[in-house]
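Beneath this line is the structure, given in structure tokens, with notes to follow.
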Amino acid sequence: MLVDVAIVGLGPVGATLAGLLGKLGLSVAVFEREASYYPLPRAVHFDGESMRVFQAIGIADEILPHTLLTPGMKYVNAEGKLLVDWPRSWDVGPQGWHASYRFHQPDLERVLSLALPKLPSIQRNYRCDVFSLEESERHVTLRYEDLSCGKLHSLQAKYVVGCDGARSIVRRFIGSEMQDLGLHERWLVFDALLKRPWNVLGDHTVQFCDPSRPTTYVRGVGNRRRWEIMLLPDDDAGEIVRPEKIWTLLSRWITPQDADLERGVVYTFHSVLANQWRKKRLLLAGDSAHQTPPFLGQGLCSGIRDAANLAWKLRAVIRGQLHENLLDTYQAERRPHTAKYIEQAVQMGNLIQAREPEAVAERDKHLSEHPKLMTNLDLRLGRSLLNNGRDGAGLLSRQPLLGSGKLMDDIVGQHFVIISLPEAFHPSSLRELCAPLPVRVVCLEADTPQARAWLQEANAKAAVIRPDRYLMGYAGGLDAVQNLLAPLKALQAVGTAIA
């Protein structure tokens, strides 16, 4: 059997990628060692960009009731003085969604697991362990074991994407080493379920930058609360997860009379980045390509961005629309982008985890007198054949509500789009530019005040947007639009031999 794409790993990133590819009409086989999704909490945050990707799959409205908006994050020192404030608006942001959502990961995975069977081109293989990948010129042969009975099987795929986590077998076959970005610390992650009213710490996420015991508090959905507690050098990981020890560490905030312990587990927070994300027909996404400390809440978000960046590119190559060199833009764009998030998370982790008396005193003196105000990050993709770094290229586009009453993405689907100011161009001129292109381009007018204001703020008459919602760039005239579309013509595939 030959499928377009095989995905190894059915966590949130693998499931999101499968959903995007399925919506694009590709045949997909997904392999997961476990019998179902993991039932305990792991990731607890995603952003408006992630919600926009879920919107593309068609599950945003199903996820929304399982989320919580939060007012932001505060960093405080041992005396409770504010060091860093990162407020989050209660208003819908430029993505067409709010900036920050709390969630319970099993809820997200359940929604994804219910959505995938509705896409007939996706086959899910639970309790199946991939142990071999054999590349040929036109496909990859996957060999896997059905763990329910021990039977061995094989399947062929045009491309294989490893979404199989930190111990990725796909990364092993690529042969990629990991770049160490400097943070490796053991933390106890403690999840609690409230059993009576409790509001000692409120709704903000709080980073307690206390050198005696750095700690994070997270307000979860419903009655869920999380603490993350840094282990000190003399701590015993086996001892610190004992319930009586956990409750002792948290006694100034909460007691067993207030909540039940759902789990306590020690993780090592890593900051690493794969050096190679693609080798011919093998690719990496999510934790198999990068691991991010949780201090910015961007670990899952980075994996969702990987899926969005990769899905449309795989379709364009497999369908013979664009040359396989397009896949080289995946690492070129995503790796530097992810590295910036990891580096920022490491900086914030070092702020929280500081324990040397001199460094702590200097930090507290400077930031308690002048607390730092953080804003949402708006980072540009790395340079590639599709992103020259100019005129907005590589930045995330906005998603305005248009005159039809629909959000822009709901109108265009996973296609390229040109949105322009009304009467900026003759309608036929844009159609003539797009007609010879190998991919579909939807032309829209910025026919609401919100949409017009976006382009006017950018001093542009039009924006050219990719299927992953990142900008090819802003344009001030027809020639500029043509120049932004030129890379698509340059990448046009010759025939369909590579498919």
Side-chain angles (χ1 to χ4, degrees), residues 24-25 52 55-56 94-96 308-309 311-313 315-317 319-323 325-326 329 333 380-381 383-495:
L24 288 168
R52 202 170 169 184
Q55 178 189 351
Q95 299 301 303
N309 187 288
W312 71 269
K313 294 177 181 178
R315 182 187 187 277
V317 170
R319 291 289 182 256
Q321 298 170 319
L322 298 175
H323 192 272
N325 288 349
L326 175 66
T329 68
E333 294 178 346
R380 193 186 296 264
L381 294 175
R383 298 286 187 96
S384 75
L385 294 171
L386 301 176
N387 170 28
N388 61 14
R390 299 193 299 271
D391 301 320
L395 292 174
L396 187 61
S397 77
R398 298 187 190 181
Q399 182 183 200
L401 190 70
L402 297 179
S404 63
K406 295 182 177 180
L407 289 168
M408 181 181 72
D409 296 357
D410 287 335
I411 298 172
V412 304
Q414 292 186 71
H415 298 289
F416 285 83
V417 59
I418 300 172
I419 182 168
S420 59
L421 293 173
E423 302 180 0
F425 306 102
H426 191 278
S428 62
S429 61
L430 290 178
R431 288 197 298 269
E432 289 171 1
L433 278 184
C434 298
L437 293 174
V439 294
R440 182 182 173 190
V441 181
V442 179
C443 296
L444 298 175
E445 283 195 344
D447 59 358
T448 60
Q450 181 188 36
R452 287 193 296 271
W454 166 33
L455 296 179
Q456 289 166 350
E457 288 172 19
N459 195 29
K461 292 183 178 179
V464 181
I465 306 168
R466 305 164 12 159
D468 58 3
R469 319 311 185 195
Y470 280 80
L471 288 162
M472 297 284 282
Y474 292 114
L478 198 61
D479 288 345
V481 174
Q482 186 172 22
N483 289 337
L484 292 175
L485 295 171
L488 300 178
K489 295 191 71 174
L491 283 164
Q492 187 167 1
V494 179

Looking at side-chain heavy atoms only, is the closest gap between [X] and [Y] below 4.5 Å?
X: S397; Y: R52; value: yes
X: L386; Y: K313; value: yes
X: V464; Y: V481; value: yes
X: S404; Y: I411; value: yes
X: R452; Y: P422; value: yes
X: L433; Y: L478; value: yes

Side chain to side chain contact (heavy atoms under 4.5 Å, CB included) between W312 and V439, worked out | CA-CA 11 Å; W312 71 269; V439 294; 6.0 Å; no

Quick check for you: to the nearest 0.5 Å, what is the distance between [X] atom [atom1] and [Y] atom [atom2]?
X: S420; Y: L455; atom1: OG; atom2: CG; answer: 8.0 Å
X: Q55; Y: D410; atom1: CD; atom2: CG; answer: 4.5 Å
X: E432; Y: F425; atom1: CD; atom2: CZ; answer: 13.5 Å
X: T448; Y: W454; atom1: OG1; atom2: CH2; answer: 10.5 Å
X: K489; Y: L491; atom1: NZ; atom2: CG; answer: 12.5 Å
X: L484; Y: M472; atom1: CG; atom2: CE; answer: 6.5 Å

Looking at every heavy atom in both [X] and [Y], which two are closest together, and how far apart are they?
X: R380; Y: G392; result: NH1-C, 3.6 Å
X: L385; Y: N325; result: CD1-O, 4.5 Å
X: G394; Y: Y470; result: O-CD2, 3.3 Å
X: L381; Y: N387; result: O-ND2, 2.9 Å
X: H415; Y: V412; result: CD2-O, 3.1 Å
X: A446; Y: I419; result: N-CG1, 3.9 Å

Not counting sequence neighbours, list each pair that qualifies as a salt bridge (charged side-chain N to carboxylate O under 4.0 Å, His left out) and has a residue in residues 459-475.
-> E333-R466, D409-R469, R466-D468

Steps toward side chain to side chain contact (heavy atoms under 4.5 Å, CB included) verdict (I418, V442) | CA-CA 6 Å; I418 300 172; V442 179; over 6 Å; no

Taking [X] for the side chain and [Y] for the main chain, is one N or O donor matched with an acceptor at less than 3.5 Å?
X: R315; Y: L24; value: yes
X: D447; Y: G403; value: yes
X: Q450; Y: L401; value: yes

Derivation of the side chain to side chain contact (heavy atoms under 4.5 Å, CB included) call for L437 and L485 | CA-CA 8 Å; L437 293 174; L485 295 171; 3.9 Å; yes

When you look at L488 and F416, which way does the side chain to side chain contact (heavy atoms under 4.5 Å, CB included) test go after all the steps?
-> CA-CA 11 Å; L488 300 178; F416 285 83; 3.7 Å; yes

Side-chain donor-acceptor pair present, T329, R383, cut-off under 3.5 Å | no

Could you walk me through whether R398 and E457 pass the salt bridge (charged side-chain N to carboxylate O under 4.0 Å, His left out) test, one step at a time?
-> CA-CA 12 Å; R398 298 187 190 181; E457 288 172 19; 2.8 Å; yes

